[in-house]
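Sharing a structure with you now.
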Amino acid sequence: MFDRLKRLAGDPARQEIAALFAHDPERAATFSVTHDGMLFDYSKTRIDAEARAALVDLAESHEVAARRDAMFAGQAINETEGRAVLHTALRNLAGDPVLIEGRDVMPGVLETLARMEDFADAVRGGRFTGQDGAITDVVNIGIGGSHLGPEMATRALSPCHDGPRCHFVSNVDGADIHDTLKGLDPARTLVIVASKSFTTAETMTNAATAREWMAQSVADPAAQFVAVSSALERTGAFGIPPERVFGFEDWVGGRYSLWGPIGLPLMIAIGPADFRAFLGGGADMDAHFRDAPLDVNMPVLLALCGIWHHQVCGYPTRAVLPYDQRLARLPAYLQQLEMESNGKRVTMAGAPLENGSGPVVWGEPGTNGQHAFYQLIHQGTQVVPCEFMLAATGHEPHLAHHQRMLVANCLAQSEALMRGRPMAEAREMMRAAGATGKELERLAAHRVFPGNRPSTTLLYDRLTPRRLGQIIALYEHRVFVEGVVLGINSFDQWGVELGKALASEIEPILAGEADGAEKDGSTRALIAQVKASGG
Ligand code: F6P
């Protein structure tokens, strides 16, 4: 299957993206898919009808539809941990039964959602207070999946904010919590300790520091702490009573957990109604993913474009480029979602992957990236498939001219990547500027753009809670489809464990409680230098 795709990708007939448009005037329509007002345009890639058919065959041959149905049906598709994968249940607002081994999880999901809503309303309405009055600031302490989603989404939906200010602390670097707490009033601050396991060292260290900070001026600091976790016994040991613990079960992976209690800071910021709209967007994308045929299925096509570019064409990375400033943290969020999910080396059965893992994912919002790394994207020697995201309109009608510039820039970038600037055109420019002879040749060479660089564009009207829910669910399902095709379990993350274990060995060496003689020469020398530098 991959051999066939590689042959197609190497075929001279489909080398030039621009030529595909010349041969097919309808290409923009036939190589894009719409859903509920969103457009995913993949026409500026080298995928043609034959390649698309081969990619869809690939998805079919890996039984993507059957795996998808198994996921929604609550089967233990996370085989290395023996767990179901049911973050989709968290946005199943209709409450249709979702069974794990015959037990319907929906009553518990909806009960927790109702508790979150009560609590969020109480905080927002001033019924839940700090020692000195209504809560003005919420500090979410978590890391990875217990941080990136809520931070990203809270920023994305800032036009909907009408609750207390939300802050996010993740790094164990003391600078993070220090700078966040500085200036906050402990007597009017709520701390959410978000950790699925409630053992993550960074989060537990930050939570203890926050408690000490609060205890300096608040008589009962625990009363202003909330826990979000699936380890309820540990939250009790930390001193947070069960009525302020919001639990979720092990069938929700950390990086898929924004839809449940991990989304509490978002709900407090935007209110339960908008949070439900966000869930509704996710549920809508679930329905599309389940129902649409593979060749018009947005998450499937997004995944197949990813596989085409990385596995088939061999491009090592992909850039996510939101032309929507409020999605500034989306690239970081997607780095965890995609790279923690599909950054694996063996198949579900433990055999080496035949077609490699997922690619490196990176990005920044436009237009900022244009003034930073787009130089390499346009003229560097490696091809970076670009995934543009674009909101047609903003939330600031009085700044419509900004939005027009933003949109024009996004569209210009994908056009420039595809068409490039040939040498003849560059020479003409230099000639017009008065250059001649060898100097003209030299200067023109720097102004050549190879072009023929692929990009996709996800275009939507405006970043509302529902749209954000659709977009995040779209990417979740994209990761799932890529994982199925590559034979990866997208729902474990054993690769983060070794570093954690070694950090806990090095800490006592830094503290002078162990000598570290067993460490390699470089690590010993670095430790010595840290100590010599006052560490
Ligand atoms: O980085 C590993 C990881 O386990 C992530 O998968 C997870 O999102 C993060 O740590 C935080 O874990 P927890 O929510 O258990 O604190």
Side-chain angles (χ1 to χ4, degrees), residues 77-87 90 112 116 139-154 168-173 176-177 191-211 225-238 240 245-266 329-345 357-358 360-361 472 475-476 479-480 483 488-504:
I77 63 162
N78 174 358
E79 290 174 19
T80 57
E81 296 179 314
R83 292 177 185 165
V85 173
L86 276 178
H87 49 278
L90 299 176
T112 303
M116 285 169 66
V139 177
N140 188 80
I141 296 177
I143 197 164
S146 300
H147 162 76
L148 289 162
E151 186 202 30
M152 175 274 295
T154 302
F168 295 88
V169 173
S170 56
N171 202 325
V172 75
D173 184 336
D176 198 5
I177 192 151
V191 176
I192 300 175
V193 185
S195 175
K196 180 178 171 184
S197 59
F198 230 72
T199 57
T200 302
E202 291 93 331
T203 300
M204 292 301 108
T205 304
N206 278 324
T209 300
R211 195 171 47 188
F225 270 67
V226 164
V228 176
S229 183
S230 54
L232 303 188
E233 68 297 345
R234 295 198 190 103
T235 56
F238 186 82
I240 302 178
V245 177
F246 298 90
F248 57 104
E249 296 192 48
D250 68 3
W251 37 261
V252 180
R255 53 195 174 273
Y256 299 87
S257 60
L258 170 61
W259 313 94
I262 290 290
L264 185 61
L266 174 65
R329 293 294 288 158
L330 186 74
Y333 172 80
L334 291 181
Q335 282 180 327
Q336 188 198 20
L337 183 65
E338 302 203 11
M339 292 162 75
E340 195 165 270
S341 296
N342 287 343
K344 311 284 166 66
R345 55 183 290 280
S357 65
V360 170
V361 178
I472 296 175
Y475 273 88
E476 285 179 350
V479 167
F480 173 80
I488 288 171
N489 177 8
S490 302
F491 301 102
D492 61 13
Q493 58 284 321
W494 301 108
V496 302
E497 296 302 330
L498 180 58
K500 285 185 192 173
L502 295 183
S504 65

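Whatever order the structure lists them in is the order used to number ligands and atoms, beginning at 1.
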Checklist entry - Between the main-chain N or O of Ser170 and the side-chain N or O of Asp176, is there a donor-acceptor pair closer than 3.5 Å? => result yes
Checklist entry - What protein heavy atom sits nearest atom 6 (O) of ligand 1, and how far off is it? => result Glu340 OE2, 2.6 Å
Item to check | Residue pair Leu232 / Gly247: nearest heavy atoms and the distance that separates them | outcome: CD2-CA, 4.1 Å
Next on the checklist: Can you report which non-hydrogen protein atom sits closest to atom 2 (C) of ligand 1, along with the distance?
Outcome noted: Val496 CG2, 3.5 Å
Item to check | Contacting atoms of ligand 1, where contact means under 4.0 angstrom from a heavy atom of Thr200 | outcome: 12 (O), 13 (P), 15 (O), 16 (O)
Next on the checklist: Whether Arg211 engages the ring of Phe238 as a cation-pi pair (distance to the six-membered ring centre under 6.0 angstrom, angle to the ring normal within 45°) should be assessed.
Outcome noted: yes
Next on the checklist: Give me the nearest non-hydrogen protein atom to atom 8 (O) of ligand 1 as residue plus atom name, then the distance to 0.1 Å.
Outcome noted: Gly145 N, 2.7 Å
Next on the checklist: Closer than 4.0 Å to some heavy atom of Ser146 - which atoms of ligand 1 meet that?
Outcome noted: 13 (P), 14 (O)
Next on the checklist: I'd like to know if Gln336 contacts ligand 1, where contact means a heavy-atom distance under 4.0 Å to any ligand atom.
Outcome noted: yes
Next on the checklist: Tell me the protein heavy atom at minimum distance from atom 9 (C) of ligand 1, and give that distance in Å.
Outcome noted: Ile143 O, 3.6 Å
Item to check | Note, Met204 side chain near Phe198 side chain (heavy atom, < 4.5 Å) | outcome: yes
Next on the checklist: Please work out, at 4.0 Å between heavy atoms, whether the side chain, the backbone, both, or neither of Gln493 comes within that distance of ligand 1.
Outcome noted: side chain
Checklist entry - Quick one: does Ser197 get an N or O within less than 3.5 Å of an N or O on ligand 1? => result yes
Checklist entry - In terms of atom number and element, which parts of ligand 1 are under 4.0 angstrom from non-hydrogen atoms of Ser195? => result 13 (P), 14 (O), 15 (O), 16 (O)
Item to check | Reference residue Ser341; test side chain to side chain donor-acceptor pair (under 3.5 Å); the match among Glu476, Arg255, Gln493 | outcome: Arg255
Checklist entry - By ring pair (Phe, Tyr, Trp, His ring centres under 6.0 Å), which residues pair with Phe246, not counting sequence neighbours? => result Phe119
Checklist outcome for this item: By salt bridge (charged side-chain N to carboxylate O under 4.0 Å, His left out), Arg83 pairs with (sequence neighbours left out) Glu81, Asp250
Checklist entry - For atom 4 (O) of ligand 1, what's the nearest protein heavy atom and its distance? => result Lys500 NZ, 3.8 Å
Item to check | Test side-chain contact (heavy atoms from CB on, under 4.5 Å) applied to Tyr256 and Val479, Leu90, Ile472, the passing residue | outcome: Val479
